[in-house]
Amino acid sequence: MDTTPPAIDRLKKRREFLYCAQGKKAVRSGVVVQARQRDGALRLGAGFTATKKVGNSVVRSRVKRRLREAARLLLPLHGRPGFDYVFIARATTADRAWPHLLQDVESALVSLASDEAPGNAKQRA
RNA sequence: UCAGGUGGCUGGGCGGCCGCGGUGUCAGGCUUGAAAAGGCGGCACCGAGGAAAGUCCGGGCUCCACGGAGACAAGGUGCCGGGUAAUUCCCGGCGGGGGUGACCCCAGGGAAAGCGCAGCAGAGAAAGACCGCCGGACGUGCGCGUCCGGUAAGGGUGAAACGGUGCGGUAAGAGCGCACCGCCCCGACCGCAAGGAAGGGGGCUAGGCAAGCCCCACCUGGAGCAAGACCGAAUAGGGAUGGGCCGUGGCUUUUGCCACACAUGCGUCUCCGCAUGCCAUCCGGGUAGGUCGCACCAGGCAUGUCGCAAGGCAUGUCGCAGAUGAAUGGUCGUCGCGCUUGUUCCGUUCCGGAACAAGCGACACAGAACCCGGCUUAUAGGCCACCUGAUCCC
RNA sequence: CGGAGUAUAGCUCAGCCUGGUAGAGCACCGUCUUCGGGAGGCGGGGGUCGCAAGUUCAAAUCUUGCUACUCCGA
């Protein structure tokens with residue numbers, strides 16, 4: 001297993017987020033993760049978002065930084081190449097203990113990967 | 001010691017592990033490429049705030065408008081002097097108000113230019129007479145009543161009633177007279193000015209609201225970095241040139257339009273329906289996107305000097321964030337700090353203080369987005385200087 | 001980021017400019033009508049006028065500062 005991990009692209013455009021919102025969703029107590037397969041390429045996509053309900057700008061920035069760090073650690077291990085992932089912060093993300101937040105992200109990624117495996121869920125309505 | 005006032009400072013420290021953005025640099029390394037250049041990478045150095053916030057003012061900067069000057073409208077400002085690029089900001093004064101005091105607060109021009117407003121209550125709300133008081137005449141049933149006149153001291157209402165208190169005076173009263181206070185006018189003299197003010201005069205005339213209209217004086221072109229400049233994919237329009245097609249009929253100067261035919265595509269085929277009407281090259285506008293604007297200045301610090309101060313000047317020195325789904329961090333340890341709880345000790349009780357232990361703590365408020373100067377608002381804890389009041393001791 | 005606007009009863013809105021009594025419709029409660037309900041008639045309750053200062057005798061209204069929400073601009 002010495003293959004270099006696939007490069008991670010940041011999702012920046014509004015339509016990229018809306019595209020992912022049409023895909024599969026995994027809800028954990030510290031985070032919501034959306035994923036959807038994209039045309040072509042073995043690249044991973046990752047986007048982060050936090051609404052005003054999460055808190056003021058200090059809290060929103062901190063929450064996105066924590067999710068970004070969690071994704072940097074876990075996405076190369078559990079993410080499926082060719083998929084875009086959107087991490088949505090919840091009101092609990094800021095106070096969630098760091099090991100628990102990692103567990104949430106890992107569990108969500110594993111769940112999404114098994115659902116989207118090519119064997120059993122190729123055709124989705 | 002306690003209680004306060006004013007001004008200013010600070011806004012967790014150190015260390016592991018793993019990351020992010022920028023700038024500079026690297027005949028070197030990997031990679032795309034013909035090259036230029038770009039990407040990955042190595043090294044070095046930087047990398048949030050006093051409010052970065054609210055967007056309330058003032059400027060710079062950019063575009064638009066504009067021949068000059070003035071007037072009007074609209075909006076703003078409003079004691080005086082100074083500071084500044086400029087301000088509604090700041091400093092120093094003046095006046096008024098509050099506080100025992102240090103000190104604090106004030107949109108603080110004009111109400112004898114005009115209009116307007118003042119509910120309810122009250123006789124009366126800008127100039128008035130209800131109850132009263134007094135005099136005279138008449139009638140008396142001797143209690144008083146009616147009429148005429150004088151008065152504004154007393155009553156009551158109100159936020160506010162046209163000087164206050166005392167003495168004299170009077171039929172009763174009244175600045176009617178006098179003393180003191182208040183008010184108005186003049187005002188030597190002081191001050192650059194706002195203003196202060198010795199003194200003199202006036203018997204009092206001229207109530208409030210201008211953060212109501214208004215008057216006076218002064219100021220103001222509009223929009224905002226999503227400003228603005230440049231580069232520019234795919235697709236669909238536009239224009240030019242060249243070639244091809246240029247069927248029939250009608251309208252039409254032409255361009256062109258309509259119908260039929262033809263070709264292509266779609267609805268599985270026919271019928272039928274719908275849509276489209278050749279190709280190449282070049283030009284221009286322009287969307288997504290990108291680049292610039294974009295960080296070296298009304299700059300910070302130190303010293304000297306002028307000024308009561310705000311601040312000015314001179315010299316030296318420093319280089320101090322530039323992101324764009326948006327970097328400046330994530331996590332762990334330790335120290336410090338705070339809060340809560342418990343134990344022990346001090347303390348006459350309450351209040352409180354000290355030590356130890358445990359738990360909790362994005363360790364307060366809060367994240368640059370073109371840049372500065374102000375204002376306003378949020379802010380745990382800590383520190384410094386000066387001053388005031390009370391108490392105790394000498 | 002920049003620029004505008006709104007906040008009044010449970011809901012939708014007047015009143016604000018020109019300051020003194022806070023009002024309408026729907027909803028709610030009581031009652032009449034009906035065998036009962038609805039509709040209708042009559043009567044009634046309910047409002048820190050977003051918050052805080054200031055001006056004024058007096059503020060929903062005027063002024064200033066905050067808070068929340070809405071809209072517009074490539």
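Below, chains carry the letters A, B, ... as their sequence lines are ordered, and counting in each starts from 1.
In this structure, A:Tyr85 and A:Gly79 approach most closely via the heavy-atom pair OH-CA, 3.6 Å. Here the closest non-hydrogen pair linking A:Phe48 and A:Lys64 is O-CD, 4.1 Å. Minimum heavy-atom separation, A:Val27 to A:Arg90: CG1-NH1, 3.9 Å. Closest approach of A:His78 to A:Ala113, counting heavy atoms only: O-CB, 4.1 Å. Taking each heavy atom of A:Gly30 and A:Thr92 in turn, the nearest pair found is CA-OG1, 3.9 Å.
Comparing B:G322 with B:G293, their P atoms are spaced 14 Å from each other, to the whole Å. Taking the C1' atoms as reference points, B:G33 lies 41 Å from B:A48, given to the whole Å. Taking the C1' atoms as reference points, B:C117 lies 29 Å from C:G47, given to the whole Å. For the C1' atoms, the distance linking B:G330 with B:G19 amounts to 8 Å, nearest Å. Comparing B:A223 with B:C66, their C1' atoms sit 15 Å apart, to the nearest whole Å. Rounded to a whole angstrom, the distance from the P atom of B:U87 to that of B:C190 is 35 Å. Using atom C1' as the reference point in both B:U23 and B:A321, the two lie 11 Å apart (nearest Å).
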Checklist entry - Tell me, for nucleotides 327-333 of chain B in 5' to 3' order, what letter each nucleotide earns: B for a base near a protein heavy atom under 4.0 Å, S for only sugar-phosphate near one, - for neither? => result SSSSS--
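In this entry B:A385 has B:U6 as its Watson-Crick or G-U wobble partner, both defining distances falling under 3.5 Å. Pairing of B:A44, defined by two Watson-Crick or G-U wobble distances under 3.5 Å, is identified with B:U23. In this structure, B:G182 and B:C204 make a Watson-Crick or G-U wobble pair, each of the two defining distances being under 3.5 angstrom. If you check B:G329 for Watson-Crick or wobble pairing at under 3.5 angstrom, you find it paired to B:C18. Base pairing of B:A380 is not made with any nucleotide, judged by Watson-Crick or G-U wobble geometry with both donor-acceptor distances under 3.5 Å. The nucleotide B:A193 finds no pairing partner, because no Watson-Crick or G-U wobble arrangement with both distances shorter than 3.5 Å includes it.
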Checklist entry - After noting the C-alpha distance and the side-chain angles of A:Arg66 and A:Thr93, does the key distance pass the side-chain hydrogen bond (donor to acceptor under 3.5 Å, both in side chains) rule? => result CA-CA 8 Å; A:Arg66 298 186 85 196; A:Thr93 307; over 6 Å; no
Item to check | Evaluation steps, side-chain contact (heavy atoms from CB on, under 4.5 Å), between A:Leu112 and A:Val33 | outcome: CA-CA 9 Å; A:Leu112 288 170; A:Val33 183; 3.6 Å; yes
Item to check | side-chain contact (heavy atoms from CB on, under 4.5 Å) assessment of A:Ser111 paired with A:Lys24 | outcome: CA-CA 10 Å; A:Ser111 164; A:Lys24 186 70 179 175; over 6 Å; no
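Protein atom CZ of A:Phe48 is 13 Å distant from nucleotide atom C1' of B:C20, rounded to whole Å. Between the CZ atom of A:Arg60 and the P atom of B:A52 there is a distance of 20 Å, rounded to whole Å.
Residue A:Leu73 is the one, among A:Leu73 and A:Val59, whose nearest nucleotide of RNA chain B lies closer to the 5' end (criterion: closest heavy atom).
Screening A:Leu75, A:Val110, A:Leu74, A:Leu73 for a side-chain contact (heavy atoms from CB on, under 4.5 Å) with A:Val105, the sole residue that qualifies is A:Leu74.
Contacts between residues 100-108 of chain A and RNA chain B, counted as heavy-atom distances below 4.0 Å, involve no residue at all.
Residue pairs meeting the salt bridge (Lys or Arg N to Asp or Glu O under 4.0 Å) criterion with at least one member in residues 96-106 of chain A, sequence neighbours excluded: A:Arg96-A:Asp104.
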